[in-house]
There are 2 protein chains.
Amino acid sequence: MHDNLTERSKQILEAIIEDYIVTAEPVGSRMVTRRHGLNLSPATVRNVMADLEEMGFLASPHTSAGRVPTDKAYRLYVDSLLGVRRVAREEREEIRRHCSLTGKDIGEVLKETSRMLSSVSHYMGIVAAPRFAANVLRHLEFVKLGGQRILVILVSQSGSVQNKIIETTDNFSTEDLVRMSNYLNELLAGLTIAQVRNRLLEEMENAKTKYDSLLSKALQLSQQSLPDKDSEVFIEGRSNILDLPEFADAGRMKEIFRAFEEKGQLVGLLDQCLGAQGINIFIGAESRLSQMAGLSVITSTYMTSRNTLGVLGVIGPTRMGYAKVIPIVDYTAKMVSRLLEIE
Amino acid sequence: MHDNLTERSKQILEAIIEDYIVTAEPVGSRMVTRRHGLNLSPATVRNVMADLEEMGFLASPHTSAGRVPTDKAYRLYVDSLLGVRRVAREEREEIRRHCSLTGKDIGEVLKETSRMLSSVSHYMGIVAAPRFAANVLRHLEFVKLGGQRILVILVSQSGSVQNKIIETTDNFSTEDLVRMSNYLNELLAGLTIAQVRNRLLEEMENAKTKYDSLLSKALQLSQQSLPDKDSEVFIEGRSNILDLPEFADAGRMKEIFRAFEEKGQLVGLLDQCLGAQGINIFIGAESRLSQMAGLSVITSTYMTSRNTLGVLGVIGPTRMGYAKVIPIVDYTAKMVSRLLEIE
DNA sequence: ATTAGCACTCATCATTTCCGAGTGCTAACA
DNA sequence: TGTTAGCACTCGGAAATGATGAGTGCTAAT
């Protein structure tokens with residue numbers, strides 16, 4: 001973007017943004033001169049503001065209100081104006097305190113992380129679980145339930161567990177199931193779930209002729225038990241945004257809640273972030289999702305030394321406290337990464 | 001309750017309730033005469049309504065509005081006035097269609113049930129998962145993760161799975177873990193999780209002297225892995241209630257959402273329902289929860305032939321369509337029961 | 001280039017007015 | 001005695017009105 005902004009207009013723009021972030025009210029020329037120590041008269045500021053509006057950084061809700069930063073302004077702000085602070089001591093403590101695996105399962109850990117993010121940031125926390133399919137299979141197990149139902153348990157390298165109930169026509173004995181799972185564990189060890197899928201297909205071709213029917217059935221079973229839908233997203237702290245003045249009106253509130261009830265939309269967005277490592281910020285309409293109008297997303301990836309696992313972050317209004325939240329998300333991602341590091 | 005209501009006043013009360021259920025507006029004497037084929041003048045109806053108000057069945061929002069049914073009125077309505085309809089064909093189909101286990105885990109099934117309830121009823125669906133602790137343990141398994149982390153997997157009779165990560169100081173080999181789980185499976189087979197807890201404590205007493213240290217450690221491990229918090233509740237379809245006129249105002253909306261973000265409160269209510277088998281209805285303030293003002297809950301228990309598993313139902317406004325929803329909840333509970341019946 | 005001054009705009013809030021649905025009461029009626 | 005017509009009254013909600021004041025754009029002076 002053409003950066004022909006004078007130092008002074010940048011200062012003024014920054015002042016306006018930061019004012020708006022705390023007040024949520026259109027800010028007028030007067031306020032700018034007052035709150036900031038700029039030795040300028042309101043009139044001068046007005047001229048600058050008119051320019052900034054022309055350039056698309058500000059917008060006026062109506063003639064005689066102050067001005068409001070646009071998405072473009074926030075973008076400039078996070079890219080070059082904002083001074084990123086470190087994470088405050090107490091926040092750091094709260095994040096660390098939360099980081100513990102013992103006695104929970106991965107799902108719980110991630111859900112709690114999401115809740116923690118929401119409570120530290122005062123916006124909504126969001127955590128996308130590792131894509132199961134990209135994970136390496138660590139263990140597979142069949143458990144016989146009553147009737148002809150079998151429970152299949154898949155454990156991935158990172159410790160996440162998926163289980164499924166499968167109804168069969170055959171009536172396997174417990175011993176059958178042990179044999180089957182031994183066989184499969186041998187066959188599939190060390191493959192990613194995606195690879196497992198292919199491998200199973202190959203083997204099933206062979207099995208028709210070579211193997212005895214039990215093992216061939218084992219292959220079929222495990223085929224059925226591969227997870228298909230596989231994106232789990234935890235959004236916590238919805239009620240935090242209920243107090244924000246920009247969502248005070250019932251209509252707006254409805255929209256938001258409806259948008260987040262169906263998490264599907266978000267998954268696409270998070271997948272994008274998964275590609276780009278590290279911090280990622282979507283401001284308002286940048287996300288190309290109509291439901292996200294007025295909302296910003298700050299994410300970071302969490303990962304082991306070998307591969308990136310998932311995405312976590314914070315969703316808040318576009319006027320969110322970027323300077324505070326960005327470091328929080330960054331730090332949390334690092335801590336979660338460390339937590340999930342195996343070995 | 002003193003049932004000195006004439007046949008006519010009952011009819012009128014019923015008419016008012018049913019009117020209010022669809023319109024959500026205070027209903028006046030005129031409307032009652034019009035919509036219902038009662039050959040009465042508004043004036044007569046007014047007299048009756050005044051009596052009903054005196055008896056606590058009706059309330060006037062203000063002098064010149066119509067009247068609104070009280071909780072007491074709804075109670076009378078569901079207890080004796082209302083004619084329970086059967087479940088409509090399409091609804092029955094939607095419920096049946098949803099009932100399938102294959103390829104899902106129990107959690108998913110329950111969550112989808114909750115979603116289904118919300119979509120059929122147009123209110124919120126609620127499902128409380130079986131209390132894990134009351135379940136019989138079917139299988140226990142240790143899986144070695146990286147480092148000194150061990151994944152413990154517990155499978156209950158009903159097919160629900162809980163897993164936990166445990167960090168140990170010892171470094172167990174895979175063989176160790178297999179031995180340990182064999183030992184424990186033998187020891188604990190057929191006990192409920194609650195019994196398991198006690199049994200482990202007993203064994204640990206003995207183990208100190210009798211057994212070799214590996215098994216004693218196995219006992220410790222499994223002790224750690226018993227689930228402590230153990231009430232999972234799925235609430236789906238929150239956005240359904242956003243459109244109800246009684247929650248149109250932002251303040252009320254906030255309350256509701258805040259109430260359901262923390263599900264803890266509800267658990268107590270659902271536990272009560274768990275005790276009483278079959279259909280259970282709480283109307284408005286009857287639940288003794290301030291957040292539930294203006295809301296009613298209809299629940300039923302789902303169970304196997306041996307024991308009751310959990311509770312499911314619908315939450316909606318007090319003026320909800322009882323005649324339609326009660327059969328839906330009932331039928332769903334039956335179907336889910338059948339679905340989870342093992343053998 | 002900056003600023004003071006000034007006329008103008010427009011959302012917000014409080015006040016008023018008007019309307020009508022609905023009530024309670026009384027008196028007439030079957 | 002139970003039912004109804006008639007009537008005065010109440011009160012919330014919508015629409016109209018007006019005052020307030022924050023904020024603007026423009027022009028002319030510094």
Side-chain angles (χ1 to χ4, degrees), chain A residues 4-13 15-17 19-20 22-70 245-246 248-252, chain B residues 4-13 15-17 19-20 23-70 245-246 248-250 252:
Chain A
N4 45 13
L5 286 174
T6 76
E7 196 51 42
R8 193 178 63 181
S9 22
K10 282 190 196 166
Q11 274 179 28
I12 291 179
L13 182 56
I16 293 175
I17 292 176
D19 224 60
Y20 188 69
V22 319
T23 65
E25 306 259 302
V27 9
S29 50
R30 183 154 223 161
M31 275 297 142
V32 177
T33 60
R34 204 169 297 251
R35 284 181 49 97
H36 249 255
L38 301 180
N39 274 345
L40 291 174
S41 80
T44 316
V45 173
R46 273 206 288 282
N47 290 328
V48 178
M49 283 167 83
D51 295 348
L52 287 170
E53 178 162 10
E54 184 126 13
M55 287 187 269
F57 291 109
L58 294 177
S60 349
H62 59 86
T63 330
S64 73
R67 285 182 171 89
V68 162
T70 62
E246 47 263 71
D249 120 273
R252 190 81 191 88
Chain B
N4 45 13
L5 286 175
T6 78
E7 195 51 42
R8 193 178 65 181
S9 20
K10 281 190 196 165
Q11 274 180 30
I12 291 180
L13 182 56
I16 294 175
I17 292 177
D19 223 62
Y20 188 68
T23 65
E25 306 258 301
V27 9
S29 51
R30 183 155 224 157
M31 275 298 140
V32 177
T33 62
R34 205 169 299 252
R35 285 183 49 97
H36 248 256
L38 302 179
N39 273 347
L40 291 173
S41 80
T44 315
V45 173
R46 274 206 289 282
N47 290 329
V48 177
M49 284 168 80
D51 295 349
L52 287 170
E53 177 161 9
E54 184 127 10
M55 286 187 267
F57 291 109
L58 294 177
S60 346
H62 59 86
T63 329
S64 73
R67 287 185 170 86
V68 162
T70 61
E246 48 261 73
D249 117 274
R252 192 77 192 87

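Proteins get letters first, then strands, A, B, ... in listed order; numbering begins at 1 in each.
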Original post:
DNA chain D: B:H62 or B:N39, which has the more 5' nearest nucleotide?
Top reply: B:N39
Original post:
Are A:I12 and A:V45 side-chain neighbours, meaning at least one heavy-atom pair lies under 4.5 Å?
Top reply: yes
Subject >> B:E25 CD - D:dG12 P separation (whole Å) >> reply: 16 Å
Taking only N/O atoms, report every protein-nucleotides 21-25 of chain D pair under 3.5 Å with atom names and distance.
unit_1: D:dG23; atom_1: O4'; unit_2: A:S64; atom_2: O; d: 3.3
unit_1: D:dG23; atom_1: O3'; unit_2: A:A65; atom_2: O; d: 3.3
unit_1: D:dT24; atom_1: OP1; unit_2: A:R67; atom_2: NH1; d: 3.4
unit_1: D:dT24; atom_1: OP2; unit_2: A:S29; atom_2: N; d: 3.4
unit_1: D:dT24; atom_1: OP2; unit_2: A:S29; atom_2: OG; d: 2.8
unit_1: D:dG25; atom_1: OP1; unit_2: A:R67; atom_2: NH2; d: 2.4
unit_1: D:dG25; atom_1: N7; unit_2: A:R46; atom_2: NE; d: 3.3
unit_1: D:dG25; atom_1: O6; unit_2: A:R46; atom_2: NH2; d: 3.3

Original post:
Got a donor-acceptor contact below 3.5 angstrom from the A:T70 side chain to the A:G56 backbone?
Top reply: yes
Original post:
A:D249 CG to C:dT12 C1': how many Å, rounded?
Top reply: 17 Å
**OP:** Given side-chain contact (heavy atoms from CB on, under 4.5 Å), test B:L52 with B:L5 step by step and report yes or no.
**Re:** CA-CA 9 Å; B:L52 287 170; B:L5 286 175; 3.9 Å; yes
**OP:** Apply the test side-chain contact (heavy atoms from CB on, under 4.5 Å) to residues A:L13 and A:V48: give CA-CA distance (whole Å), side-chain angles for both, the deciding distance (0.1 Å), then the verdict.
**Re:** CA-CA 9 Å; A:L13 182 56; A:V48 178; over 6 Å; no
**OP:** Run the numbers on A:Q11 and A:L40 for side-chain contact (heavy atoms from CB on, under 4.5 Å), then give the verdict.
**Re:** CA-CA 12 Å; A:Q11 274 179 28; A:L40 291 174; over 6 Å; no
**OP:** Rounded off to whole Å, could you give me the OH-to-P distance for the B:Y20 and C:dG22 pair?
**Re:** 14 Å
Original post:
Going through the distances and angles, do B:M31 and B:T23 end up as a side-chain contact (heavy atoms from CB on, under 4.5 Å)?
Top reply: CA-CA 11 Å; B:M31 275 298 140; B:T23 65; over 6 Å; no
Subject >> Residue A:S41, side-chain heavy atoms: nucleotide from C:dT3, D:dT4, C:dC10 that is nearest >> reply: C:dT3
**OP:** Output the single nucleotide from C:dA4, C:dC10, D:dT4 whose closest atom is nearest the side chain of A:A43.
**Re:** C:dA4
